[in-house]
Structure formats: C-alpha cells, structure tokens
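To keep things clear, I will list the structure first and then write my remarks on it.
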Amino acid sequence: MIKTDIVVLGGGVVGLATSLRLLNSGREVILIDPEEPGTGASYGNAGTIAEYAVLPVGSPDILKKIPSLLLDKKSPISIKRSEILSLAPWLLRFLYQSMPKQAAINAKAITELLFDSRKRWELLVKQIDADSILKSNGTLYFYQTKSSYEVGKKDMVNRKMLGLNVEMLSPIELGKLEPNLKNIGGGASFFPDGAYMTDPGKIMKLLLDAVIKKGCQFIKKSATSIERCSEGVEVVLADNSKIIAKHLVISAGAYSKKFANQVGDYVPLDVERGYHVEYDMEKPLLNRPCCSAEKGFYMSPMTGRLRVVGTVELGGLSTTISQHRVDYLERGASSIFPNLGKSSRSWLGFRPSIPDSRPVISQSSKGNDIVYAFGHGHIGITLAPITAEIVESIVTKSKPPLPISAYSIKRF
C-alpha cells in the first residue's frame with residue numbers, strides 16, 4: 001500500500017495542468033491513468049484556446065432544431081439510436097437547460113470561467129518550453145451564404161453582450177486573412193483574441209514531462225473504486241493494489257461519473273463521441289483554425305497536417321467508430337477544399353458532457369478531501385489552467401480566483 005498527499009485520477013489536460021500546479025506549490029502528487037496521459041480527448045481536439053466559446057451547447061435556437069439534429073445522420077449533432085433510452089434522463093435535462101432563462105445563466109457562468117484563458121495558457125506554455133506551439137493570431141467562423149451570415153451576426157450580438165471581442169468580415173476581408181478559403185459567399189466572424197496549438201499532442205507530452213521532472217509519480221493502471229477511510233481516501237487499482245491519499249482529485253473526463261457516484265455524489269454526465277480526420281501536407285492551407293458555422297466543424301492547421309474536427313455524437317463509451325461521422329467530416333472538408341482527396345487517418349475520442357455545459361469544479365458534497373475537476377465538454381483544453389488554479393484553492397482552502405458556486409456538484 002502507498003500513502004501520499006494527493007492523487008490525481010485522470011491524465012488528460014486538466015489532470016496534467018492540475019498536477020503541475022500542485023507540484024509547483026510543493027505538494028506530493030501521484031497521477032493515475034490507464035493510458036498514456038494526454039492521449040485521449042486532450043490530444044484529438046481542434047487545438048483552440050476558445051475564449052470566445054461563451055455560449056452553452058443548449059440554447060433556444062438548438063431547442064428548435066433538436067428533432068432534425070439528433071435523428072439526421074448528416075447533421076453536426078447526432079445520437080446513436082440504440083442509446084436513446086439510456087440517454088433520456090440526460091436529454092430531458094438538456095431540454096430544460098436550453099430554455100432562455102437557463103441558457104442565459106449558463107452563458108454567464110461559462111463566460112466568467114473563460115476570462116483570460118489565453119493569458120493563462122501563455123503563462124503555462126512558458127513553464128513547459130512550449131511557446132512556439134501556441135499561436136495567437138485569432139480564430140474564424142465562416143458563413144457560406146449571406147443568410148447564414150445574418151444569423152451569425154445575431155449570434156455575435158449575444159457574444160458581444162457577454163464582453164467578447166469579435167469582428168464581422170465581408171468575403172473580401174475574409175479572403176485577405178485566408179486566401180485559400182474561396183467561394184465563401186457570406187463572410188466570417190473573426191475572434192482576434194483566439195489562440196491555438198499547432199500540435200496538442202506535443203503540448204500534452206511536454207506537460208507530462210514537466211510533472212515527472214517535478215517529482216510526480218505516474219501509475220499507468222485503471223482505478224476501479226474509491227472510498228473514504230480513516231486515513232484519507234483509498235483508491236483501489238485494477239490489480240487490487242491500493243493508494244491512500246489525503247486528497248483525491250477526480251479529473252477523469254468522461255469516466256468521472258462512476259467515481260463521484262461511489263462517494264455519494266450524483267452528476268448527470270454523459271458522453272459525447274468526438275471525431276477528427278487528418279490530411280497530411282507539408283504546407284498548411286490555412287493560417288488559423290476556421291470553423292464552418294453551418295456544418296459545425298473546425299479545420300485547424302497543425303504541424304504537417306490539416307485536422308478537421310467536430311460533430312457531436314451522443315452514444316456512450318463504445319470504441320466502435322460510426323463511419324457516417326467520419327464521412328460527414330470528409331464531405332465537409334472536401335466541399336471547402338475539393339482537391340484534398342482521402343483523409344490520412346481518423347480518430348474517435350470521448351468528451352464528458354453535462355446538460356448545462358458547465359464543468360464540475362468543486363469539492364465533494366462531504367468535503368475537500370475529494371475534489372472534482374471534470375465535465376468541460378468542448379472547452380477542456382481552454383479551461384485547464386483556470387481549473388488547476390481553482391482545484392489548488394479548494395485543496396488549500398484559500399480564496400479561489402473567481403466565485404465558483406456555479407460549478408459546484410451541489411447544483412444537481
């Protein structure tokens with residue numbers, strides 16, 4: 001049996017950033033993950049530091065479109081029909097959170113958490129010698145028709161009311177920023193404060209190297225159960241070995257729900273199956289991440305490749321790829337760049353999704369011996385540094401960087 005100060009359960013970007021933060025403050029940390037840290041959803045995303053992603057997934061507009069979105073395989077959002085019954089409780093909560101009043105509350109909470117995300121990442125990449133991988137030349141949403149551009153303008157009004165910096169661009173202005181985006185008839189929304197990673201996987205590797213160098217012990221095993229005991233929190237691993245920690249941080253992403261349940265906390269977390277396809281190329285086609293507003297996917301220029309990423313498929317933790325989701329991304333990319341050809345590879349990962357789009361960053365209902373840091377949905381990379389800061393404040397019982405009641409486990 002091992003005894004330690006802090007166990008961090010889950011080695012995605014949130015777990016890695018949290019481990020580094022705690023190690024920097026002089027704490028002893030053991031990181032546990034059954035896979036190599038940073039190789040799940042933290043690797044396969046669009047690489048964006050999305051300070052502009054202030055609106056929840058659930059909104060009045062989405063509410064109107066839900067029947068067609070969920071049941072049409074060609075839409076940005078779909079649901080595995082075999083999972084409809086098991087997803088029913090989550091979907092009912094999502095419908096409620098999409099009502100105007102709730103959506104506004106959620107947008108405010110997300111906005112407050114996103115504030116200064118880029119600056120926090122700029123500080124973090126300096127710590128791990130990854131400055132060259134983080135680019136700060138903005139992000140684009142582009143609109144292929146004038147009608148969708150007008151819809152986008154209304155969307156941006158809502159974002160501006162939340163303090164977002166955004167510029168509306170004509171097709172000519174868009175062409176000056178992205179010469180290879182041709183035949184875009186509507187224009188674009190430009191987020192000048194946006195940043196992105198040219199290689200998310202490399203950032204994850206550098207974060208892991210940094211925590212190991214600081215003295216973190218990494219254990220590559222599955223945790224099967226957690227339980228409070230007289231000496232702290234007991235974590236049982238798949239080989240029946242045990243670790244007792246004074247504090248346990250649960251940052252296991254889509255796998256976090258079962259651990260919260262084991263200590264008496266309910267969370268309505270379900271799984272979004274996220275996809276990407278990549279096209280190898282020496283010279284990037286784009287200068288920054290560009291998102292198709294109509295089709296809901298990003299095209300992100302990365303080192304040696306173009307990554308096309310997006311779509312939401314509600315459907316649990318099955319590792320079977322839904323080919324129609326891959327086809328959707330390939331068709332979308334080819335509609336913009338007809339000469340791309342077949343993608344070089346495809347990927348499936350799991351995002352933790354909560355109906356109100358707010359992560360859970362709080363102590364457990366019974367105390368700060370167990371701390372939750374999961375449920376970030378599409379903005380886990382963006383929110384990793386602020387999450388780490390909040391977790392440290394909970395563990396040390398110090399003042400958090402912002403009010404955190406909106407992210408409490410007790411809201412469910």
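What you see is a predicted model, and the numbers here were worked out from it, not measured in a lab.
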Neighbour count >12 (heavy atoms, 6.0 Å) for atom CE, M168: yes
Worked verdict on V8 versus I250 for side-chain contact (heavy atoms from CB on, under 4.5 Å): CA-CA 6 Å; V8 175; I250 299 175; over 6 Å; no
Taking every non-hydrogen atom, the tightest pair across L348 and S318: CD2-O, 3.9 Å
Closest non-hydrogen atom pair between F259 and S225, with its separation: CE2-N, 4.4 Å
Ionic contact status for K221 with D239, cut-off 4.0 Å: yes
Side chain to side chain, L9 and V249, heavy atoms closer than 4.5 Å: no
Worked check of side-chain contact (heavy atoms from CB on, under 4.5 Å) between L63 and M99: CA-CA 8 Å; L63 202 56; M99 300 296 285; 3.7 Å; yes
Audit row: Y298, T139, side-chain hydrogen bond (donor to acceptor under 3.5 Å, both in side chains) steps and yes/no: CA-CA 10 Å; Y298 274 90; T139 307; over 6 Å; no
CD1 on I32 to CD1 on I30, rounded to 0.5 Å: 6.5 Å
Over 12 foreign heavy atoms within 6.0 Å of CE, M281: yes
Derivation and outcome, side-chain hydrogen bond (donor to acceptor under 3.5 Å, both in side chains), residues E330 and S343: CA-CA 7 Å; E330 290 183 337; S343 62; 2.5 Å; yes
4.5 Å side-chain heavy-atom contact, M302 and L306: no
S346 vs H276, side-chain hydrogen bond (donor to acceptor under 3.5 Å, both in side chains): CA-CA, chis, key distance, verdict: CA-CA 6 Å; S346 60; H276 82 223; over 6 Å; no
Side-chain heavy-atom pair F142, L181 within 4.5 angstrom cut-off: yes
Short side-chain to backbone donor-acceptor contact, S393 and I390, under 3.5 Å: yes
E122 with R118: basic N within carboxylate O range, under 4.0 Å: yes
Straight-line distance of N180 CG to M299 CE, nearest 0.5 Å: 10.0 Å
Ring geometry between Y52 and F191 (parallel below 30°, tilted from 30 to 60°, perpendicular above 60°): parallel
Flag, side chain of S335 to backbone of G332, donor-acceptor distance under 3.5 Å: yes
Parallel, tilted or perpendicular, as decided by the 30° and 60° cut-offs, for the rings of Y255 and F350: perpendicular
Any L31 side-chain heavy atom under 4.5 Å of Q217 side chain: no
Verdict with supporting geometry, H376 and I354, side-chain contact (heavy atoms from CB on, under 4.5 Å): CA-CA 8 Å; H376 297 76; I354 293 176; over 6 Å; no
Check: H247 and D5 side chains under 4.5 Å, non-hydrogen atoms: yes
Candidates R345, K342, R307 - the one meeting salt bridge (charged side-chain N to carboxylate O under 4.0 Å, His left out) with D280: R345
Separation of I321 CD1 from E313 CD (nearest 0.5 Å): 10.0 Å
Heavy-atom closest pair, residues S398 and T396: OG-OG1, 2.8 Å
Nearest-0.5 Å distance, OH of residue Y275 to CG of residue D327: 10.5 Å
Electrostatic pair R27-E392, nearest N-O below 4.0 angstrom: no
Nearest atoms (heavy-atom pairs only) where S364 meets R228: OG-NH2, 2.7 Å
Centroid-centroid distance, Y96 to F94, less than 6.0 Å: no
Under-4.0 Å salt bridge between D209 and K213: no
Test salt bridge (Lys or Arg N to Asp or Glu O under 4.0 Å) applied to E231 - qualifying residues, sequence neighbours left out: K3
Side-chain touch H324/S322, heavy atoms, less than 4.5 angstrom: yes
SB check D369 K246 (cutoff 4.0 Å): no
D116 (side chain) donor-acceptor with K119 (main chain) under 3.5 angstrom: no
P37 to L208 - nearest heavy-atom pair and separation: CG-CD1, 3.9 Å
Side-chain donor or acceptor of Q262 paired with backbone N/O of I226 under 3.5 Å: yes
Close side-chain approach of Y407 to L113, heavy-atom, < 4.5 Å: yes
Nearest-0.5 Å distance, CZ of residue R305 to OG of residue S300: 10.0 Å
Test side-chain contact (heavy atoms from CB on, under 4.5 Å) applied to L20 and N24, step by step: CA-CA 6 Å; L20 185 58; N24 285 340; 3.9 Å; yes
Heavy-atom side-chain contact between I49 and I381 under 4.5 Å: yes
Short side-chain to backbone donor-acceptor contact, S256 and G253, under 3.5 Å: yes
Side-chain ion pair, D356 and R93, N-O less than 4.0 Å: no
Atom CD of E227: over 12 foreign heavy atoms under 6.0 Å: no
side-chain hydrogen bond (donor to acceptor under 3.5 Å, both in side chains) between S357 and Q97, intermediate numbers included: CA-CA 9 Å; S357 295; Q97 294 297 336; over 6 Å; no
Separation between OH of Y149 and CD of E294, rounded to the nearest 0.5 Å: 13.0 Å
Closest non-hydrogen atom pair, D131 against V125: OD1-O, 3.5 Å
Sidechain-backbone polar pair: E178 side chain, R288 backbone, donor-acceptor under 3.5 Å: yes
Short side-chain to backbone donor-acceptor contact, S251 and V14, under 3.5 Å: no
Salt bridge flag under 4.0 Å for residues R120 and E389: yes
